[in-house]
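See structure below.
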Amino acid sequence: NETLSRMIRRNTRLAEIYFGDVAAQMATCSTGAREYQAMLRQYGLDTVTRAIQQLFDQSERLVRSRLAALVDGDYEFTDRLDHDGIHLDTRLAIQVTVRKRGSGMEVDFTGSAAQAPGPINVNYYTSCSAAYWAIRSVFAPDAPTNEGAHRPITVTIPEGCLFNPHPNAPTALRAQSVKAASIAVLG
């Protein structure tokens, strides 16, 4: 869509870099789709579906076995972001409680700061990724990254907080917040 492309170029500071990234992502997706279709033709949908499910289940078993070896308990940590980029004298709380029970773990961001007017908010799914990464990097770094590895980990993030803002919240500088969230999960 050329009209959309022109609009994005006019509203993007580094349009050539942005469109280079988009082109690389599109090429990667095209290659992945082509190879996946070839695999389906060679092995059939049922075999491929079963193999994917086996990989997910294997990852889940690995992560659960590592988590099951840990002591059950609740672990809390609080950190702060210096500011949101607008209100330079307002520190923002990152509150994390990790609850380990049996072979599962919950990462709960309840108590973290409300979404900010500055661009440091993080969308829900990126916040979940930060929690998954933190837990797996310590307890199961050898587990393949897939749905199964994340099944034992639940993430609770109240709507309207820094890590699950309402739609249209500014998020341009979220990398700092994501890193801080990962570090807070690690406590």
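We count residues from 1, following the sequence as given.
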Any chance you could measure [X], atom [atom1], to [Y], atom [atom2], to the nearest 0.5 Å?
{"X": "Ser182", "Y": "Tyr132", "atom1": "OG", "atom2": "OH", "result": "13.0 Å"}
{"X": "Ile120", "Y": "Phe163", "atom1": "CD1", "atom2": "CZ", "result": "8.0 Å"}
{"X": "Met39", "Y": "Arg41", "atom1": "CE", "atom2": "CZ", "result": "11.0 Å"}
{"X": "Arg61", "Y": "Arg151", "atom1": "CZ", "atom2": "CZ", "result": "9.5 Å"}
{"X": "Thr90", "Y": "Arg80", "atom1": "OG1", "atom2": "CZ", "result": "11.5 Å"}
{"X": "Ile153", "Y": "Trp133", "atom1": "CD1", "atom2": "CH2", "result": "12.5 Å"}

Atom of [X], atom of [Y] and distance for their closest heavy-atom approach:
{"X": "Leu81", "Y": "Ser177", "result": "CD1-OG, 3.5 Å"}
{"X": "Ile94", "Y": "Ala184", "result": "CG2-CB, 3.7 Å"}
{"X": "Val185", "Y": "Val107", "result": "CG2-CG1, 3.8 Å"}
{"X": "Ala134", "Y": "Ser137", "result": "O-OG, 3.0 Å"}
{"X": "Ala140", "Y": "Arg66", "result": "CA-NH1, 3.5 Å"}
{"X": "Gln115", "Y": "Pro165", "result": "OE1-CA, 3.2 Å"}

So do [Y] and [X] actually touch side chain to side chain, heavy atoms under 4.5 Å?
{"X": "Pro117", "Y": "His87", "answer": "yes"}
{"X": "Val63", "Y": "Phe139", "answer": "no"}
{"X": "Val122", "Y": "Leu162", "answer": "no"}

Please walk me through it: do Val98 and Glu106 pass side-chain contact (heavy atoms from CB on, under 4.5 Å)?
CA-CA 6 Å; Val98 176; Glu106 177 191 14; over 6 Å; no
Does the distance from a Lys or Arg side-chain N to an Asp or Glu carboxylate O, for [X] and [Y], drop under 4.0 Å?
{"X": "Asp72", "Y": "Arg101", "answer": "no"}
{"X": "Arg91", "Y": "Asp79", "answer": "no"}
{"X": "Arg50", "Y": "Asp57", "answer": "no"}

Is a side-chain donor or acceptor of [X] paired with a backbone partner of [Y] at a separation under 3.5 angstrom?
{"X": "Asn11", "Y": "Met7", "answer": "yes"}
{"X": "Lys100", "Y": "Leu70", "answer": "yes"}
{"X": "Asn121", "Y": "Ala116", "answer": "yes"}
{"X": "His83", "Y": "Gly85", "answer": "yes"}

Hphob cluster co-occupancy, [X] + [Y], side-chain heavy atoms under 4.5 angstrom:
{"X": "Val178", "Y": "Tyr124", "value": "yes"}
{"X": "Tyr18", "Y": "Leu173", "value": "no"}
{"X": "Val138", "Y": "Val155", "value": "yes"}
{"X": "Leu186", "Y": "Ile135", "value": "yes"}
{"X": "Leu92", "Y": "Ile183", "value": "no"}

Give a yes-or-no answer on whether the side chains of [X] and [Y] include a donor-acceptor pair shorter than 3.5 Å.
{"X": "Gln95", "Y": "Ser112", "answer": "no"}
{"X": "Ser59", "Y": "Asn146", "answer": "yes"}
{"X": "Asn123", "Y": "Thr126", "answer": "yes"}
{"X": "Arg136", "Y": "Thr145", "answer": "yes"}

Derivation and outcome, side-chain contact (heavy atoms from CB on, under 4.5 Å), residues Asp108 and Val96
CA-CA 6 Å; Asp108 186 352; Val96 179; over 6 Å; no
Step-by-step side-chain contact (heavy atoms from CB on, under 4.5 Å) determination, Glu159 to His166:
CA-CA 7 Å; Glu159 190 173 333; His166 297 293; 3.4 Å; yes
Would you say Tyr43 has more than 12 foreign heavy atoms packed within less than 6.0 Å of its OH?
no
